[in-house]
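Okay, structure first, notes after.
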Amino acid sequence: MNNGHAVTDGMTIAELSKRHAGQLLHAAGATSRVDQVFGADVFGERVMQQRLPKDVFKRLQRTMNHAEPLDPESADVIAAAMKDWAIEHGATHYTHWFQPLTGLTAEKHDAFLSPDGHGGAITEFSGSSLVQGEPDASSFPSGGIRATFEARGYTAWDCTSPVFLNRNGGTVTLCIPTVFVSWTGEALDHKTPLLRSMDAISEQAMRILKIFGTDAGVSGVVCTAGPEQEYFLIDREHYFKRPDLMACDRTLFGAKPPKGQQLEDHYFGSIPSRVLAFMQEAERELYRLGVPVKTRHNEVAPCQFELAPIFEMANIACDHQMLVMETLKRVAPRHGLQCILHEKPFAGINGSGKHLNWSIATNTGVNLLDPRDETHTNMQFLVFLCAVIRAVHLNGDMLRASVASANNDHRLGANEAPPAIMSIFLGDMLTDIVEQLEAGKPKKTIKGGKLDLGARTLPALPRHTGDRNRTSPFAFTGNKFEFRAVGSSQSVAWPATVLNTIVAESLDYLAGQLEKAVGSGRPVDAKKLQSAVGALLQKTIKEHKKVIFNGDGYDKAWHDEAEKKRGLPNLRSSVEAFGVIGSRKAVDMFKKYGVFTKVETESREHILVEKYIKQVLIESETAVLMSRTQMLPAALRQQAELAEVVAASEAADVDVGDLRGALEEFVDLANRFRRGIDSLERAADADVGHDVHKHARHLKSKVVPAMADLRELADQLEQRIAADHWPVPTYREMLTIK
C-alpha cells in the first residue's frame with residue numbers, strides 16, 4: 001500500500017511524480033533520463049512551454065489554474081502545436097477520450113488528414129476540434145436523460161488533465177481527456193460531476209482557511225487521490241477455456257483446491273519472473289503516460305498482485321486510474337497472461353479492491369489533513385478532521401451506495417474486505433485527541449517514541465502513534481483517509497465525487513457556524529476564534545462520535561453494536577444501497593452544491609440498478625449454458641463409465657456393493673444438478689414486470705441463491721469426475737501456474 005504523503009510542502013504534484021519516477025527508473029537500471037521517459041507521451045507543461053508562444057502559454061495556464069475562458073485564437077494555436085507534436089511522434093488520428101457511465105473509457109478516432117480539394121491532403125486540427133466534439137454516442141447508458149434517437153451529445157476538453165498519446169498495436173492516437181454531456185447539458189459521464197464536486201469542496205474549504213487567516217496566497221483547494229489497484233493474473237490459455245471468465249470476468253464454478261492461500265506464502269513473496277516482466281513493461285508504459293506508479297507486490301491470494309501510485313490531483317488520478325486498468329489488460333497478453341480486475345474472480349480466496357487514498361490540499365501544496373507534531377494545538381486540522389467525521393456519520397449510506405455493484409457484493413464483508421457498515425478508524429493518537437476535545441480543551445498529543453529491536457546492529461525505529469486497521473472501510477492513515485470499500489473494477493471517480501460532496505456539505509456547515517460565532521471582520525480575534533472552534537468541535541464530536549470505531553470490523557459483536565446501539569446503517573447488499581442514491585437527502589445535497597441536478601442523480605440510480613440486473617442475468621445465463629453443455633455431459637460420461645464398471649463386475653460375479661452405492665450416489669448428485677439447472681433457468685426467466693428495483697430484488701433473493709446452489713452441486717461433481725472428463729481448467733490449475 002502507498003503510505004506516502006498526499007502532497008509534499010514546497011513541491012508540486014507534478015514535480016513529486018517526476019522525482020519518484022526518476023528514482024524508480026534509476027533503480028531499474030534504465031539508461032534514459034527521466035525527462036525522456038516519464039511523461040514522454042504527454043503534452044505536458046514542459047512540452048507546452050517549448051512549443052507555445054509565451055503569451056498563449058500564460059493564457060492556457062490561467063485557464064487551467066483559474067478557470068479563465070480560453071479565447072478561440074489561443075485554442076487554434078494550442079491545437080496546431082498539439083497536432084504537430086503528435087504527428088512527430090507517429091500519431092495519425094486524434095480522439096476525445098471520455099468516461100461514459102459504463103465505468104470504462106470511450107473514444108472515436110478522427111484522422112488529422114483532410115482532402116485539400118485538389119487531389120491531395122493536408123493535416124488539420126483546429127481549436128474548435130480540440131475544445132469541443134460531437135461524438136453522438138447515443139447508445140451509452142443515460143438513465144433516461146436521453147433516448148437513443150436523441151443522438152446529439154458533446155465532449156469538452158478538460159484542460160486540467162494532460163493530453164497524451166495512446167500507443168496500441170502499432171498505431172498512435174492523440175487522446176484528449178474530455179467531459180461528455182447531453183445536448184441539453186446534463187452530465188453523461190463520471191468526469192463532469194467529479195470536477196463539480198472538486199469545485200464545491202474548494203469553495204467551502206476556502207471559507208475555513210479564511211476564518212483561520214491561512215488563505216494568503218491560496219487561490220483554491222484541491223482534492224488529491226492515490227487509488228491502489230489489486231488484480232489477478234492467470235495463464236491466458238486457461239482464460240480462453242473458461243466461458244465464465246470470458247463473459248463475466250469471474251468463475252461461476254470451481255471446487256476449492258487443496259492449496260489456496262492457507263500458508264500465506266504468496267503474500268509479499270518473490271514475484272514470479274513472468275509476472276515481473278509483465279509488471280516492468282506495464283510500468284514503463286505508464287511512466288510514458290505520466291502515471292506515477294510506485295509500488296508493486298504479491299497480494300494475499302495466489303496469482304493476486306497490487307500496483308499503487310503516488311498522489312495526484314483527484315481528477316487526474318481518476319484519469320490515470322482508468323489508464324492503469326487499460327494498460328494492465330493490454331500488456332498482460334504479451335506475456336501469455338490475462339489480467340482479471342473483477343472484485344471476486346475466485347471463490348474461497350481473497351478478492352480485489354481499489355483503496356482510494358484521499359486528502360485535500362491547498363493549491364500551494366499544503367496538506368490540510370496533515371496533523372503535524374503537536375496535533376492538539378492544530379485547530380485548523382481538527383476542523384477539517386471533524387468535518388470528515390461528521391460527513392461519514394451523516395452520509396455513510398451514501399458512501400456505501402457509491403461502491404454498490406453486483407461484483408462488490410461478493411467481496412464486501414468477507415475476510416479480505418471491510419464490512420458494509422461505514423465506520424472511521426482514527427488510531428490511538430487522534431482518538432485520544434478527539435476524546436480530549438469532547439471533554440474540553442485538548443492538552444497533549446501522544447508521541448510514538450522508538451522501537452528497540454533488541455540487537456545492537458539494528459536501528460531503533462520510530463514508532464507511529466497508532467496502528468493500521470485493515471477491517472475499517474474508512475481509515476485515517478497518517479495524513480489522509482483510505483476508503484477501502486471501493487471495488488477493483490470500479491472507476492474511482494464516482495466514490496470520489498460522493499466523498500467530495502458530503503465533505504463539502506460538512507465544511508459548509510462548520511464554516512457557517514464559525515462565521516456566526518466570530519463575525520466577518522479581518523483579522524479574526526484569536527481568543528474569540530479559539531473559543532468558538534473549541535465549542536464547535538466539542539459539539540461536533542459529541543453528535544458524531546458514533547461513527548468512530550478502532551476495533552475489529554469483522555466481529556459480529558461490532559455489527560450488533562453498530563446497528564442496534566449506534567444506529568449506523570448496514571446495507572449488506574447493493575440492492576439495498578441503490579435506493580440511497582435517489583433519496584431526497586442525496587438529491588438535495590447534490591443539487592445544493594452543483595454536483596448533480598435531480599435528473600442526473602436519478603439517472604445514476606437507474607443506471608446502477610440496470611447494470612446490476614444485466615450482470616446477474618449474464619452470469620445466470622452463462623451458468624446455465626456451461627452446466628448444460630459442458631458439466632452435465634461430463635457427469636453423464638462419468639456416470640456411464642461407473643455403470644459399465646458395475647455391470648462388468650456383476651458379470652464377473654464380484655461383490656459390487658460399494659461400487660453400486662457409489663454409482664447411486666453419483667446418479668443422485670447428477671440428477672440434483674440437472675434439477676438445479678432447471679431451477680436457475682426458471683428463476684432467471686420469471687416475469688417480474690418492468691420495475692427495475694423489483695427486478696433487482698428478485699434477482700438478489702431468487703436468482704443469486706439459485707446460482708449458489710447450482711455451483712455447490714457443480715463443485716461436488718468436479719471432485720468426483722475424472723480429470724480427463726472435466727471440461728474446464730480447475731482452480732488447482734489456474735492458481736498454481738505462474
Side-chain angles (χ1 to χ4, degrees), residues 7 10-19 21-22 33-91 94-97 112 123-133 155-166 172-179 191 195 198-199 202 217-222 224 287-292 312-317 319-320 323 361-365:
V7 177
M11 179 174 287
T12 68
I13 295 170
E15 290 169 341
L16 189 64
S17 300
K18 180 171 287 189
R19 185 187 71 181
R33 294 177 61 244
V34 64
D35 287 344
Q36 296 172 329
V37 178
F38 187 76
D41 285 342
V42 176
F43 193 76
E45 185 173 348
R46 177 173 56 85
V47 179
M48 289 189 287
Q49 271 187 310
Q50 293 172 349
R51 291 179 174 264
L52 296 177
K54 190 173 182 179
D55 60 327
V56 173
F57 176 67
K58 287 184 176 180
R59 283 198 288 272
L60 178 58
Q61 281 192 310
R62 289 197 294 271
T63 299
M64 294 168 62
N65 299 328
H66 305 291
E68 292 186 11
L70 186 66
D71 60 277
E73 294 78 11
S74 296
D76 283 335
V77 173
I78 295 166
M82 200 178 286
K83 177 203 68 176
D84 292 343
W85 171 80
I87 291 175
E88 288 171 17
H89 284 75
Y94 69 91
T95 182
H96 276 195
W97 184 80
F112 287 120
T123 57
E124 284 187 337
F125 185 53
S126 65
S128 59
S129 297
L130 166 65
V131 172
Q132 180 177 327
T155 50
W157 179 30
D158 171 19
C159 64
T160 63
S161 186
V163 171
F164 61 92
L165 297 175
N166 181 21
V172 182
T173 306
L174 179 70
C175 295
I176 303 158
T178 62
V179 300
K191 180 186 278 282
L195 291 170
M198 292 171 66
D199 286 344
S202 178
V218 177
S219 59
V221 169
V222 298
T224 61
Y287 292 150
R288 291 186 66 88
L289 293 170
V291 181
E312 301 178 279
M313 195 164 71
N315 77 302
I316 298 176
D319 285 357
H320 282 171
L323 289 175
T362 67
N363 67 307
T364 57

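Only heavy atoms go into these numbers, but all of them, side chains included; no hydrogens, no water, no symmetry mates. What you are looking at is a predicted structure, and each value in this text was computed from that prediction instead of being measured.
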| task | Output, in order, the C-alpha distance, side-chain angles, deciding distance and verdict of side chain to side chain contact (heavy atoms under 4.5 Å, CB included) for Phe164 and Arg288. | result | CA-CA 9 Å; Phe164 61 92; Arg288 291 186 66 88; over 6 Å; no
Check: [Y] main-chain N/O paired with [X] side-chain donor or acceptor under 3.5 Å:
| X | Y | answer |
| --- | --- | --- |
| Thr63 | Glu68 | yes |
| His96 | Ser129 | yes |
| Thr178 | Trp157 | no |
| Asn363 | Ser219 | yes |

Can you give each donor-acceptor pair under 3.5 Å made by side-chain atoms of residues 75-83, sequence neighbours left out, with the distance rounded to 0.1 Å?
{"residue": "Asp76", "atom": "OD1", "partner": "Gly127", "partner atom": "N", "Å": "2.7"}
{"residue": "Lys83", "atom": "NZ", "partner": "Thr123", "partner atom": "OG1", "Å": "3.4"}

Heavy atoms only: give me the nearest [X]-[Y] pair and the separation to one decimal.
| X | Y | result |
| --- | --- | --- |
| Tyr94 | Ile176 | CD1-CD1, 4.3 Å |
| Thr364 | Gly217 | CG2-O, 3.4 Å |
| Gly290 | His320 | O-CE1, 3.3 Å |
| His89 | Ala40 | NE2-O, 4.1 Å |
| Val42 | Leu289 | CG2-O, 3.2 Å |

Any [X] side-chain heavy atom under 4.5 Å of [Y] side chain:
| X | Y | value |
| --- | --- | --- |
| Trp97 | Thr173 | no |
| Leu174 | Val163 | yes |
| Ser74 | Leu60 | no |

Could you measure the distance from the [atom1] atom of [X] to the [atom2] atom of [Y]? Nearest 0.5 Å is fine.
| X | Y | atom1 | atom2 | value |
| --- | --- | --- | --- | --- |
| Phe57 | Gln49 | CZ | CD | 4.0 Å |
| Arg59 | Leu52 | CZ | CG | 10.0 Å |
| Leu323 | Ile316 | CG | CD1 | 11.5 Å |

| request: Could you tell me which residues satisfy side chain to side chain contact (heavy atoms under 4.5 Å, CB included) with Glu88, sequence neighbours excluded, listed by chain and number? | output: Arg51, Asp84
